[in-house]
Amino acid sequence: LQTVAEVGDTEISAQELSDQFRQLMNSMRSRLGESFDTQKAVQLGLLDQTLDQIVNGQLLPINARDLGLTVSDDLIRTTIRSAPEFRGVGTAFDPMRFREFLVQQGFPSEGAYVTRLRREMLRQQITGAITDGAAAPKQLVDLLFKYRNEPRVAEVLTVPLGDPKSLPDPD
């Protein structure tokens with residue numbers, strides 16, 4: 001397998017990049033129509049963006065491990081089974097809807113989806129740890145509130161256009 005990047009001890013294969021790029025392309029085509037092709041996506045930088053996302057996704061488990069954070073299989077299972085988009089008749093989990101979702105989103109397997117979900121949950125834990133305790137200073141909040149809510153007055157001046165036929169020829 002051809003390696004396109006390395007993050008720590010992990011190699012990112014061309015196949016993994018291709019799979020994720022294909023998922024992004026499927027998503028973009030559903031929004032922009034079938035005329036959105038690979039060439040346009042590459043020109044827009046979506047291939048590079050996909051590689052960046054994979055690299056950043058590989059950094060998360062390293063950071064999480066260093067911080068001692070984990071996402072258990074039970075939490076993953078509970079999250080999937082309680083997701084509204086996977087519910088069938090009533091409120092029960094519908095495995096068929098789950099499989100349809102995987103196909104529509106271009107996941108090659110359930111494991112690939114679980115891996116992505118685990119990374120996303122780890123990312124939420126890391127960013128939550130950083131942002132939950134963050135608060136803007138009261139002076140800054142008051143200043144921004146005052147700026148956004150201060151009354152403003154605007155005056156408009158209208159200058160009528162003259163008759164263009166009355167303008168002299170340029171010399």
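Because only heavy atoms are used, hydrogens play no part in the values below, and waters and symmetry mates are left out as well, while side chains stay in. Keep in mind that this is a model prediction, so the values were computed, not measured.
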In chain order, what residues pass the salt bridge (Lys or Arg N to Asp or Glu O under 4.0 Å) check against [X], with sequence neighbours excluded?
X      : value
Arg119 : none
Asp73  : Arg118
Asp74  : Arg77

Discussion item. Does anything in residues 43-79 form a ring pair (Phe, Tyr, Trp, His ring centres under 6.0 Å)? List the pairs, not counting sequence neighbours.
Written reply: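 Those involving residues 43-79 do not exist here.
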Worksheet entry | Results of side chain to side chain contact (heavy atoms under 4.5 Å, CB included) for Asp52 - residues two or more places apart only |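 So Asp52 forms no side chain to side chain contact (heavy atoms under 4.5 Å, CB included) with any residue.
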Worksheet item: What distance do Phe86 atom CZ and Phe101 atom CZ have between them, rounded to the nearest 0.5 Å?
Response: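 That separation rounds to 4.5 Å.
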Discussion item. Looking at every heavy atom in both Val141 and Ala136, which two are closest together, and how far apart are they?
Written reply: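 The pair with the smallest heavy-atom distance is CG2-CB, 3.7 Å.
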Worksheet item: Is the number of heavy atoms from other residues, nucleotides or ligands within 6.0 Å of CD (Gln43) greater than 12?
Response: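 Correct, the count exceeds 12.
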Fill in: Asp9 atom CG, neighbour heavy-atom count above 12 within 6.0 Å
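Not buried by this count: 12 neighbours or fewer within 6.0 Å.
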Discussion item. For residues 104-117, which residue pairs pass the side chain to side chain donor-acceptor pair (under 3.5 Å) check, not counting sequence neighbours?
Written reply: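 Checked against side chain to side chain donor-acceptor pair (under 3.5 Å) - neighbours excluded - the pairs reaching residues 104-117 are Gln20-Arg116, Gln23-Arg116.
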Discussion item. Is there a side chain to side chain contact (heavy atoms under 4.5 Å, CB included) between Val114 and Ile80? Walk through the geometry before answering.
Written reply: CA-CA 9 Å; Val114 167; Ile80 291 171; 4.1 Å; yes
Pair up each side-chain donor or acceptor in residues 120-128 with any protein partner under 3.5 Å, not counting sequence neighbours, and list the distances.
from, atom 1, to, atom 2, distance (Å)
Glu120, OE1, Arg123, NE, 3.1
Glu120, OE2, Arg123, NE, 3.4
Glu120, OE2, Arg123, NH2, 2.4
Glu120, OE2, Gln124, NE2, 3.4
Gln125, NE2, Thr70, O, 3.3
Thr127, OG1, Arg123, O, 2.9
Thr127, OG1, Gln124, O, 3.4

Item to complete: Report the hydrophobic cluster partners of Leu46, with the cluster defined as I, L, V, M, F, W, Y residues connected by side-chain heavy atoms closer than 4.5 angstrom, directly or transitively.
Response: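 Val4, Val7, Ile12, Leu17, Phe21, Leu24, Met25, Met28, Leu32, Phe36, Val42, Leu44, Leu47, Leu51, Ile54, Val55, Leu59, Ile62, all in the cluster of Leu46.
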Worksheet item: Cluster partners of Leu140, using ILVMFWY side-chain heavy atoms under 4.5 angstrom, listed by chain and number?
Response: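 Members other than Leu140 - counting any ILVMFWY side chain reachable under 4.5 Å - are Leu144.
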With sequence neighbours excluded, give me every salt bridge (charged side-chain N to carboxylate O under 4.0 Å, His left out) pair touching [range].
range            : value
residues 79-92   : none
residues 10-32   : Asp19-Arg22
residues 139-156 : Lys138-Asp142, Glu150-Arg152

